Amino acid sequence: MTFLPNNTSGRMRRIPMALVTASMLALTGCSQQQPSSDAAQTQRGDLTIWPVIESPVAKDPAMEQAIDALLAQMTLPQKIAQMIQPEIRDITVEDMRSYGFGSFLNGGGAFPNDDKYATPQDWIALAEAMYQASMDDAINGISIPTMWGTDAVHGHNNVIGATIFPHNIGLGAAKNPDLIERIAEVTAREVMATGIDWVFAPTVAVARDPRWGRTYESYSEDPEIVRSYSAAIVRGLQGAADADFLSDRRVISTVKHFVGDGGTTHGIDQGDAEVSEQELFDIHAQGYVGGLSAGAQTVMATFNSWNGKKIHGDHYLLTQVLKERMGFDGLVVGDWNGHGQIPGCSNADCPQAALAGLDIFMVPTDAWKPLYYNLIEQVENGVIPMSRIDDAVRRILRVKKRAGLFDKPSPANRPLAGRLELIGAAEHRAVAREAVRQSLVLLKNQNQLLPLDPRQHLLVTGPGADNIGQQSGGWTISWQGTGNTNEDFPGGTSIYGGIARQVAAAGGSVELSEDGSYQQRPDVAIVVFGEEPYAEGNGDIDNLEYQRGNKTDLALLQQLQAEGIPVVALFISGRPMWVNPELNASDAFVAIWLPGSEGEGVADVILRDANGAVQHDFHGRLTFSWPATPQQAVVNRFDADYQPLLPYGFGLRYGDADVLGDSLPVEVTQDETLSDLVVFERAPRSPWQLFLHSGEQSAAVTSSVQELPGLYSRTFDRLVQEDARRFVFDGGQLARLSFISAFPRDLRGYGEANSQLVVELQRQGAVPDEVWLGMHCNADCQGAVNIANELKAAADGEWTQLAVPLQCLQQQGLSLQQVFSAMYLETEGALTLSLADVRIVAQQQAADNISCP
Ligand code: BGC
Ligand code: BGC
C-alpha cells in the first residue's frame, strides 16, 4: 500500500477534544480499570518488613476521653463532614457554615477571592471567615474548628512576597539536615502569619527515574538522605515533640505521598510502582520512617498504584501497614480526587477508600457534595461500618487537639497572624540564600575559570538570567509555576540581579542580554538557561535529552565560545539531564537546580569578593546520578551496572581538577530498548483511561458494561476472561472511544523510533465509509486516518491486526510531544467493532516507503 495523502477538508466534524481531556477527568472522576497484570499477583502481605515506630508524640488518655465524649455527641453528618476536604474555589463560607467541613485546602494557584495578588490580609480574612463559620453555628451543640491545608512546598509558595526556597532536589544536594530544619521552621512562620494551620509537605518521594516530572520535589534517588530530611522537616514545621510541639509558631506537617510515588515504571506520574514489598520499604518508605519518628501528624496517600492496585484503595498499605504495624495514630488524607481513580469509584462516590483506611477525602471540584451524601448513605446502609467512621474522625480530632485548635484563638488572633513583616522577612531570605549557596553543584571547571573576579567586565545572558519565575520552577504562585514575571516576586532577586549587585560593589561592570549580544566585549560570559517551569504530570518526559530538536541554548554557548569568550554555564533544572553538548561548549558548568527567590546565592559562590578572596566554596553534591545518555533514565546509586556520566555524590570544589574535558560523546543513538507502549491489554493500562463520547455526552468506562445514547460497550472473553471489549456505534451521530491520559505524555521517542500504532480488532457486519483512527495532542491538535477500507477488507468476525505508522498521523497534524489520547476511533456511521489490544510499537528501522491507510 502506498501513501495517499488524506484530503482532510472533507473530514467529518470532530468532537472538540478539549472537552474530554484533563478538565473532563476532573469532572467525571474517571474510574480506571486496572490491568490484571502478572505483577498485580506479586506477593504482598509480609508485615515483618515494616518496622514498628515509636512516635515521640504519645497518646494522652485525657485527650482520648475528651474525643470519646465528642464522638458520642456528634451526628453522622457531622462526622462525615470531618472527612470531607473541599477546595476554596468550590465552597463558600456559607457552605462551611452549613456543613462544618473538618478541613479545606487551597490547591496550587488557588488564592482568596481568586486573586493572584491577594494580600496576606486577604489570606487571613479567609482563614478567619472559614474558621468562624465552622465555629459560630454550633450544630447539635458542638463546634469543631476547621483547619486549612496548603502546599507550602518550597516556602509559602502560593503567597506573593513570600520567601521561595530551592526545590527539594537542590536541598538534597546541600546534604544538610540542620539547614533543612531551619527552612521548615521559617516556612511555618510565614504560613502562620497568614492564619493557615496545615502544610502538605514534606514530599519524601525517592525518584528513581528522572523522566518523572516531580523529580525536583524529591531530595534524592537514594533513601538515605530522604529519611533524615523527612525527620528534620517534620521537626521544623511542627516543632520537636519535647519542645514547642505545634505551638503558635508551628504548623501540622504531611509526609507524602504514601507510598512509592518515586518508583513508578518509566517515571509516569500517578503510574504503577512495580516493585517488591521489600523494595517498597527499603527505597520508597524511608521518608515515613523518618517522618513518623519525628511525630508527623498526617500522611497523604499517593495517586500511584503498587503492582496494579491504586493505593487510595489499598487496605493492606493504608491500614495494616501504616496504621496498625507502623503505629501511625494521626490521619491519612487523600490526594486531589485520588479516591476517584480506584476501580469502581468516582470522585463523588467511593466507600472503597474509606474502607481501605482513608480518613479525609481531598475532594476539590463540585464532587464534595454528592460524596458527602453518598458517604452518609453508605454508613446508613451498612456499606461502611460506623466503627470505621469513628476511627477516622477520632484521628482527625486527635490531630486537631494536638495542634491546639480547640484552644488557640481564631486564626486572625493568633500571635503570628497578621505579622506581615514575617512574609519574606530579611532573616528568612538569608536562610534561603544560604540554601542556594549550599545547593549548587559544580560539574565542570576547566582552567579553574571559577570563581570569577568581580572587577572584570561580565556578560550575563541566556533566557534564565533575569527570570525569577524560571529559577523558581513549578508550585510557585501558580500550580505549574508558569505565567510569573519578576514583578510577582517583590523582594526576590534574579541570578543576574545578584551578580550585578556584587560586581557593581566590587568596581566591575556587567551587561545583561538574553541573546548573547554585548556593547563591550566581556572578559567572561555567564549563560543562564534550562528547563521552563512545570509541575505534576506536565513535567513527565520520555528521555533526558535537554532541548531535544531545538538546541537554542547550545547555539548561544557555541556562539560565545566561537568568539573566544570563556563561558560559565548555569543550568536551571528540576532533574539531571543529558547535556553533553552543552557541557562541551562550556568552560565551567554548574547545576543550580531551582534556586527560588534568592538568586544572589549564586553570586555568593561563583564570584570572589572585592579583594579577590573566595566568598564561599561549592558545597553541593549530586544526590541524583547524572546521565551519560538521553536514555539513561534509570541509573541509581548502588546499581549493579552503574555507569552514569557523573556518579551520586559528585561535586567539584575550587581547585579540583576537571574530569569531563571538552569532547564528551554527543551522538544521540536511537533507543534500542524502547519497549512497547501498551495502551490497552485486557484493560486500559495506566495512565490511559477509556472514555466513550457520543454527541454531547461523555463517560469514563468504569465497569464491564457502559452505555451512552448511540454508543454501547461491554467486555467479553476472547482468550481469557474479559480480555476484549466490544463497541456498538448506532450511527446517526458522531461517537468516539478514546484512551486518554489526565496529563499529556511525551511520546517523541516513539516517533524517532519509527513506531506504529498497532491495534488488534475485529469488525462485525457492515463498515461505514468513514472510520477515523487517530491520536490527540493539545487543544486543536490531532492526527487521524480513515481506516474504513482496511476494515472492509478484513474478514467479518475475524481478528486482524492493523498497524498505522505514527508518521501517517504526524502528517495529519499530530505532535508527539504532548499526547492526551494515545488512540481514538470515531465514526458517524453504524459499526460494531471489538478491540483486544492497542499498543505503540517501535520499529527502529525506517521503512523505505511508509504506507498509510
Ligand atoms: C498533589 C499533592 C498536593 C495536592 C493539593 C495534588 O495533585 O499531588 O502533592 O498536595 O495536589 O494541591
Ligand atoms: C489545580 C491545582 C491543584 C492541582 C492538583 C489542578 O487542577 O488547579 O490547584 O493543586 O490540580 O493536582
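These numbers were taken from a predicted model, which means no experiment stands behind them. Counting starts at 1 for both ligands and their atoms, following the listed order.
- Scanning all heavy atoms of the two residues, the minimum distance from A294 to R235 falls at CB-CG, 4.4 Å.
- In this structure, the ring of H312 has its center no less than 6.0 angstrom from the ring center of H339.
- Taking the six-membered ring wherever Trp is involved, the centroid distance between the rings of Y99 and F104 does not fall below 6.0 Å.
- Protein heavy atom at the shortest distance from atom 8 (O) of ligand 2 is R89 NH2, 3.4 Å.
- Remark: side-chain polar atoms of R395 are paired, donor with acceptor, to backbone N or O of F328 under 3.5 angstrom.
- A pairwise comparison of heavy atoms in S573 and I169 identifies O-CG2, 4.5 Å as the closest pair.
- Counting atoms of ligand 1 from 1 in the listed order, those under 4.0 Å from a heavy atom of L105 are 5 (C).
- Shown in contact with R214 at under 4.0 Å from a heavy atom are these atoms of ligand 1, numbered in order with element: 1 (C), 2 (C), 8 (O), 9 (O).
- Close approach to G108 involves these atoms of ligand 2, each under 4.0 Å from a residue heavy atom: 2 (C), 3 (C), 9 (O), 10 (O).
- Proximity to G107 (heavy-atom distance under 4.0 Å) selects the following atoms of ligand 2: 9 (O), 10 (O).
- For V206 against V226, the heavy-atom pair with the smallest separation is CG2-CG2, 3.9 Å.
- By the criterion of a heavy-atom distance under 4.0 Å, neither the backbone nor the side chain of Q270 is placed next to ligand 2.
- Among the atoms of K256, some N or O lies under 3.5 angstrom from an N or O of ligand 1.
- Of the protein's non-hydrogen atoms, the one nearest atom 6 (C) of ligand 1 is D335 OD1, 2.7 Å.
- Of the protein's non-hydrogen atoms, W479 CE2, 3.3 Å is the one closest to atom 4 (C) of ligand 2.
- Note: an N/O pair closer than 3.5 Å links H257 and ligand 1 by distance alone.
- The shortest N or O to N or O distance between W475 and ligand 1 is not under 3.5 Å.
- A donor atom on one side chain and an acceptor atom on the other are not found under 3.5 Å apart for Q297 and W198.
- Short contacts between ligand 2 and E536, defined as distances under 4.0 Å to a heavy atom of the residue, involve ligand atoms 5 (C), 12 (O).
- Relative to atom 3 (C) of ligand 1, the option among V333, D269, D151, T150 with the closest non-hydrogen atom is D151.
- In this structure, R575 contributes its side chain and R211 its backbone to a donor-acceptor pair below 3.5 Å.
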* Asked: Between K256 and D151, is a side chain to side chain contact (heavy atoms under 4.5 Å, CB included) present by the stated rule, with each step listed?
  -> CA-CA 11 Å; K256 72 184 187 185; D151 292 297; 3.3 Å; yes

